[in-house]
Amino acid sequence: MTAAQPVSGQDRGLHVVPDTPPAPVASPAEVKIINLVQGTIGQDPRVIKAARGMSHFGEHSLGWLGIAAVGALVDKPRRREWAGVAVGAFGAHAASVVIKRVVRRKRPHDPSVQVNVSTPSKLSFPSSHATSTTAAAVLLGRLTGLPLPAVLVPPMLLSRVVLGVHYPSDVLAGSALGAASAAAVLAAEKRFAK
């Protein structure tokens, strides 16, 4: 009797998928920026509390969807524009989730970084909070005539770093994606208005 020989996947006609490439890691400079932010304003418990509140508001773009829904109910003549805010915020969020699953960059995990809030995923690039907030702020700013991107976006971006759940490049890329998403909604609104 002969011992059975191990059979590889290729011997059986199966295609063996190689391991996925390693996810990109942050530069030491990005960790130093997080440390700087957490070591200064991140030491104030009021800042942490506000950042956590912003985190909960922005989760899955739900706060922005709520504002858009109230606006659509109250401001019936501009219901389409309020719907555009919802579509822009949620569409930006969805785009960021797809990109996160492709890029697969892990959230900050350096021992020097303090994580101050829980997250639904371990993936960080791009920041979905930054993405949906930027899209919503641009669209709400256009709708209200207020400089909302300048008022709303920087605090949300900074809050994600204060909380230790994103690298600076995560929030900057998220903001750029959010601006692109808002531009797409505005372009679509112009096309449909004709």
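Being a predicted model, the structure only gives us computed values, none of them experimental. What's counted below: heavy atoms across the whole structure, side chains too, no hydrogens, waters or symmetry copies.
- The side-chain contact (heavy atoms from CB on, under 4.5 Å) test with Met156 is passed by exactly one of Thr134, Val171, Thr133: Thr133.
- When all heavy atoms of Pro120 and Glu59 are compared, the pair lying nearest together is CG-OE2, 3.2 Å.
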Problem set entry | Candidate pair Trp64 and Phe90, rule ring-ring contact (aromatic ring centres under 6.0 Å, His included), full reasoning | CA-CA 8 Å; Trp64 302 119; Phe90 187 75; over 10 Å; no
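- Of the residues listed (Val113, Ile34, Ile41), the one engaging Val161 in a side-chain contact (heavy atoms from CB on, under 4.5 Å) is Ile34, and it is the only one.
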For this session: Please test Ser121 against Arg101 for side chain to side chain donor-acceptor pair (under 3.5 Å), starting from the C-alpha separation and ending with a verdict.
Result: CA-CA 10 Å; Ser121 117; Arg101 291 188 178 168; over 6 Å; no
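- Using a 4.0 Å cut-off between charged nitrogen and carboxylate oxygen, Asp170 and Arg160 do not count as a salt-bridge pair.
- The side-chain heavy atoms of Val115 and Pro108, taken from C-beta on, include no pair separated by under 4.5 Å.
- Within the 4.5 Å cutoff, the side chain of His129 has no heavy atoms near those of the Phe57 side chain.
- Here the closest heavy-atom approach between residue Val117 and residue Ser55 is recorded as CG2-OG, 3.9 Å.
- At a threshold of 4.5 Å between side-chain heavy atoms, the hydrophobic network of Ile, Leu, Val, Met, Phe, Trp and Tyr places Leu123 and Val31 in two separate groups.
- Minimum heavy-atom separation, Leu139 to Gly88: CD1-CA, 3.8 Å.
- Counting only distance, with no hydrogens or angles, the side chain of His166 and the backbone of Ser124 share a donor-acceptor pair below 3.5 Å.
- One distance of note links OH of Tyr167 with OG of Ser127; it measures 13.5 Å at 0.5 Å rounding.
- Other residues, nucleotides and ligands contribute more than 12 heavy atoms inside 6.0 Å of the CZ atom of Arg79.
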For this session: Please lay out, stage by stage, how Leu157 and Ser175 fare under the test side chain to side chain contact (heavy atoms under 4.5 Å, CB included).
Result: CA-CA 8 Å; Leu157 273 57; Ser175 189; 4.1 Å; yes
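- The closest side-chain heavy-atom distance from Ser27 to Lys32 is not below 4.5 Å.
- Asp110 CG to Asn35 CG: the interatomic distance, rounded to the nearest 0.5 Å, is 6.5 Å.
- Put simply, the side chain of Arg78 gets close to the backbone of Leu143: a donor and an acceptor are under 3.5 Å apart.
- No chain of hydrophobic side-chain contacts below 4.5 Å, direct or via other Ile, Leu, Val, Met, Phe, Trp or Tyr residues, connects Leu148 to Leu158.
- For the residue pair Ser61/Ser132, the side-chain donor-acceptor check at 3.5 Å is not satisfied.
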For this session: Under the side chain to side chain contact (heavy atoms under 4.5 Å, CB included) rule, what do His93 and Thr131 come out as? Steps first, then yes or no, please.
Result: CA-CA 6 Å; His93 171 76; Thr131 304; over 6 Å; no
For this session: Show your working on side chain to side chain contact (heavy atoms under 4.5 Å, CB included) between Gln38 and Asn116 and close with a plain yes or no.
Result: CA-CA 10 Å; Gln38 289 189 328; Asn116 294 306; 3.8 Å; yes
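- The hydrophobic cluster containing Val47 does not contain Val151, counting ILVMFWY residues as joined when their side-chain heavy atoms lie under 4.5 angstrom apart, directly or transitively.
- Closest non-hydrogen pair, Arg105 versus Ser169, comes out as NH1-OG, 2.8 Å.
- For the pair Pro77 and Asp75, the minimum side-chain heavy-atom distance is below 4.5 Å.
- Side-chain heavy atoms closer than 4.5 Å link hydrophobic residues (I, L, V, M, F, W, Y) into clusters, and following such links, possibly through other members, connects Ile67 to Val185.
- Counting heavy atoms from C-beta outward, His109 and Lys122 have side chains that stay 4.5 Å or more apart.
- A distance of 4.5 Å separates CG in Leu177 from CD1 in Ile99, rounded to the nearest 0.5 Å.
- Residues Gly42 and Val162 share a closest heavy-atom pair of CA-CG1, 4.2 Å.
- Of the charged side-chain nitrogens involved, none lies within less than 4.0 Å of a carboxylate oxygen, so that Glu30 and Arg107 do not count as a salt-bridged pair.
- Nearest approach of Leu163 to Ala51, heavy atoms of both residues: CD1-O, 3.5 Å.
- In terms of hydrophobic clustering, with Ile, Leu, Val, Met, Phe, Trp and Tyr side chains grouped at heavy-atom distances under 4.5 Å, Val37 and Ile48 are assigned to a common cluster.
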Problem set entry | side chain to side chain contact (heavy atoms under 4.5 Å, CB included) assessment of Leu186 paired with Glu189 | CA-CA 5 Å; Leu186 292 172; Glu189 285 181 357; 4.0 Å; yes
